[in-house]
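Written out below as structure tokens is the structure these notes cover.
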Amino acid sequence: MAKLLLIALAVLVALALLLKWRRPVWYWLSFGIVLAVVRVRWRYASVMEACHLTVPASRMRRALARWMKKPVPQQRVPRLLWLRPTRTGLRLRIKMWPGQDAFEFAAASDRLRHSFGVHQVTSREIKPGVIEIALTGYDVLKRVQMPATTERDLLKIPLALVEDGSVHYRDYRQVPHSITVGAIGTGKSVTQRTLIKELASQPVALVGIDCKKGVELGPLARRFSALVDNPDDAADLLEALIARMEVTYDVIRRAQRISADTPDAEIAANIWDLPEKLRPVPIVVTIDEIAELALSTKKNDPRRDRIVKALVRLAQLGRAAGIFLDIYGQRFGSELGDGITMLRAQLTGRMVHRVNDESTAKMAFGDISPHAVFAAIQIPNERRGMAVVGYSTGEWVRIRTPHTTMRQAVAACNKYAHLVPDLPELARFRPLLDLAPVEAPTVAEAA
């Protein structure tokens, strides 16, 4: 009987090690949760004390101890309100003592990670006096597996998996404009394809500017209302978008109906306040490489000035008219010329893939957090699609986009090609679709 128990135990241990190596998700759900809960419960008080997250006993208790000639009371440990397992880790809700702040727990996250034996520890403040610590049991970004069910809404789509196991959403109504920076081969195109694939099924208009002869956005043309592949057409397209924006503002102005007896809720200030029958279709503009539009060999280039001026106006005024910008580039600094710094200041969303130098990361995160800058330059080369997202509050997280192939994005765009809205202002930029494949020319013929 004892021999059978030893054999069963050995098989169980071997199974756990195999799952931990090959299927970390299964290991966590079957073995890891139980071991982690026991470890946290057993070590909680000693870990808090070792990480200097305790406070001295109250003055009254210390005075009573001295008066009664008893030992000095022990340090007070923050109270653990509850512990909740998740599919990727544990979440601890902790009540802090007076005098503690959330920064102490954030600064001790690396010590907590080693003490509890987990892969990652992050903390955030829930309300005054209460914080939540997220313990990630395994490297969820090694093999990205999005949850089976995610929240979706108009202009709100799941984009990537966060390092704590939650889902990162691209919400255009909350963050209307964004910039994505990264070196060559770091996954910017994967992020771009994922966004377009998710947006294809929504009642929005897609507009693309791809000055690399359309190699990135050209295959997705069936779902695009407008697509250009050179700076000259890009300048005209951006000015056409400004003209549509001004028409949209005229529609909003006529629909405001401001009078003394009009309730505040009926006064429109953007397209979302309009009745659905009057609401213009939202437009998402994707610019594949900003340097191709902003760089110029001439000192005074009228075309470049038109492009930058139009982009700045769209970034400043486009949100209320339902026009949103997604800009991609390898760098986004002042070396691209006048107006770029002003444009960057209007782009609330900041995502940085792996970069080759610290100055590139500072272009995006220098005004947000120095820790985010350091995290961006520490992304491993093999983690394609991994990025750091920064928020205007100073917070930042690591994310990784699931790998979306060009074939998957093309299939989605072809499937929902019937959703392309009719935009008269952009009709002349509508991509011409070839019904029959054309044989590609050789390099010699192209030359």
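- A distance-only check finds no donor-acceptor pair linking the side chain of Glu395 to the backbone of Gly390 [under 3.5 Å].
- Nearest heavy-atom pair, Gly349 versus Val175, reported as atom, atom and distance to 0.1 Å: N-CG1, 3.3 Å.
- With hydrogens and angles disregarded, no donor-acceptor distance shorter than 3.5 Å links the side chain of Arg222 to the backbone of Pro219.
- Nearest heavy-atom pair across Val388 and Ile379 is CG2-CD1, 4.2 Å.
- In this structure, the side chain of Gln346 does not engage the main chain of Leu343 through any donor-acceptor pair within 3.5 Å.
- Looking only at side-chain heavy atoms (C-beta outward), Val47 and Phe116 come within less than 4.5 Å of each other.
- In this structure, Lys188 forms no cation-pi arrangement with Tyr328, as its terminal cationic atom is not both closer than 6.0 Å to the ring centre and no more than 45° off the ring axis.
- Put simply, the side chain of Tyr249 gets close to the backbone of Leu317: a donor and an acceptor are under 3.5 Å apart.
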Which donor-acceptor pairs under 3.5 Å do the side chains of residues 203-210 make with protein atoms, sequence neighbours left out?
residue : atom : partner : partner atom : Å
Asp210  : OD1  : Lys212  : N            : 3.1
Asp210  : OD2  : Val215  : N            : 3.3
Asp210  : OD2  : Glu216  : N            : 2.8
Asp210  : OD2  : Leu217  : N            : 3.0

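- Within the 4.5 Å cutoff, side-chain heavy atoms of Gln202 are placed close to those of Leu154.
- Gly117 and Arg39 get closest at one heavy-atom pair: O-NH1, 3.8 Å.
- Looking only at side-chain heavy atoms (C-beta outward), Thr401 and Val144 stay at 4.5 Å or farther from each other.
- Note on Asp357 versus Arg331: salt bridge recorded, some NZ/NE/NH1/NH2 to OD/OE distance being below 4.0 Å.
- With respect to Arg398 and Asp164, no salt bridge is recorded, no charged nitrogen being found less than 4.0 Å from a carboxylate O.
- Relative ring orientation between Phe324 and Trp272 is described as parallel, the plane-to-plane angle staying below 30° on a 0-90° scale split at 30° and 60°.
- Side-chain contact between Met146 and Pro158: present, with at least one pair of heavy atoms (C-beta onward) separated by less than 4.5 Å.
- Ion pairing between Arg170 and Asp326 holds under the 4.0 Å rule for side-chain N and carboxylate O.
- At least one donor-acceptor pair closer than 3.5 Å links the side chain of Gln100 to the backbone N or O of Trp97.
- Asp229 meets the side-chain contact (heavy atoms from CB on, under 4.5 Å) test with no other residue; sequence neighbours excluded.
- Closest of all the heavy-atom pairs between Ala226 and Leu237 is CB-CD1, 3.9 Å.
- Side-chain contact check for Arg193 and Thr191: no donor-acceptor pair (N or O, by modelled atom type) lies under 3.5 Å.
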* Would you sort out whether Asp139 and Arg383 count as a salt bridge (Lys or Arg N to Asp or Glu O under 4.0 Å), showing the intermediate values? => CA-CA 12 Å; Asp139 188 0; Arg383 290 290 177 96; 2.4 Å; yes
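- In this structure, a donor-acceptor pair under 3.5 Å is present between the side chains of Asp288 and Gln192.
- Between Val38 and Leu35, every side-chain heavy-atom pair lies at or beyond the 4.5 Å cut-off.
- Formation of a donor-acceptor pair under 3.5 Å by the Arg344 side chain with backbone atoms of Ala364 is not found in this model.
- The closest donor-acceptor contact from the side chain of Ser115 to the backbone of Arg111 lies under 3.5 Å.
- The number of heavy-atom neighbours closer than 6.0 Å to CH2 of Trp42, taken from other residues, nucleotides and ligands shown, is 12 or below.
- Applying the 6.0 Å contact sphere to CZ of Arg143 captures no more than 12 heavy atoms from other residues, nucleotides or ligands.
- Around atom CZ of Arg87, more than 12 heavy atoms belonging to other residues, nucleotides or ligands sit under 6.0 Å away.
- In this structure, His353 contributes its side chain and Thr180 its backbone to no donor-acceptor pair below 3.5 Å.
- The CZ atom of Arg319 sits 12.5 Å away from the CD1 atom of Ile323 when rounded to the nearest 0.5 Å.
- Checked options Leu325, Val285, Leu311; the residue passing with His177 is Leu325 (criterion: side-chain contact (heavy atoms from CB on, under 4.5 Å)).
- With contacts defined as side-chain heavy-atom distances shorter than 4.5 Å, the pair Ile179/Met351 does not qualify.
- The local environment of CG in Leu5 is crowded, with over 12 non-hydrogen atoms from other residues, nucleotides or ligands closer than 6.0 Å.
- Here the side chain of His168 pairs no donor or acceptor atom with the backbone of Leu159 at under 3.5 angstrom.
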* Could you give me the CA-CA distance, side-chain angles and deciding distance for Leu81 and Ile94, then say whether side chain to side chain contact (heavy atoms under 4.5 Å, CB included) is met? => CA-CA 5 Å; Leu81 299 178; Ile94 295 175; over 6 Å; no
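- With contacts defined as side-chain heavy-atom distances shorter than 4.5 Å, the pair Leu423/Ile283 qualifies.
- The NZ atom of Lys156 sits 14.0 Å away from atom CG of Leu199, with the distance rounded to the nearest 0.5 Å.
- Heavy-atom neighbours of Glu49 CD from other residues, nucleotides or ligands within 6.0 Å: at or below the threshold of 12.
- Applying the salt bridge (charged side-chain N to carboxylate O under 4.0 Å, His left out) definition to pairs two or more places apart or across chains, those involving residues 117-134 are Arg91-Glu132, Arg93-Glu132, Arg124-Glu132.
- When all heavy atoms of Val130 and Met96 are compared, the closest pair comes out as N-CE, 4.2 Å.
- The heavy-atom pair separating Ala361 from Val355 by the smallest distance is CB-CG2, 4.0 Å.
- Annotation: side chain of Leu135 is in contact with side chain of Ile133 (closest heavy-atom distance under 4.5 Å).
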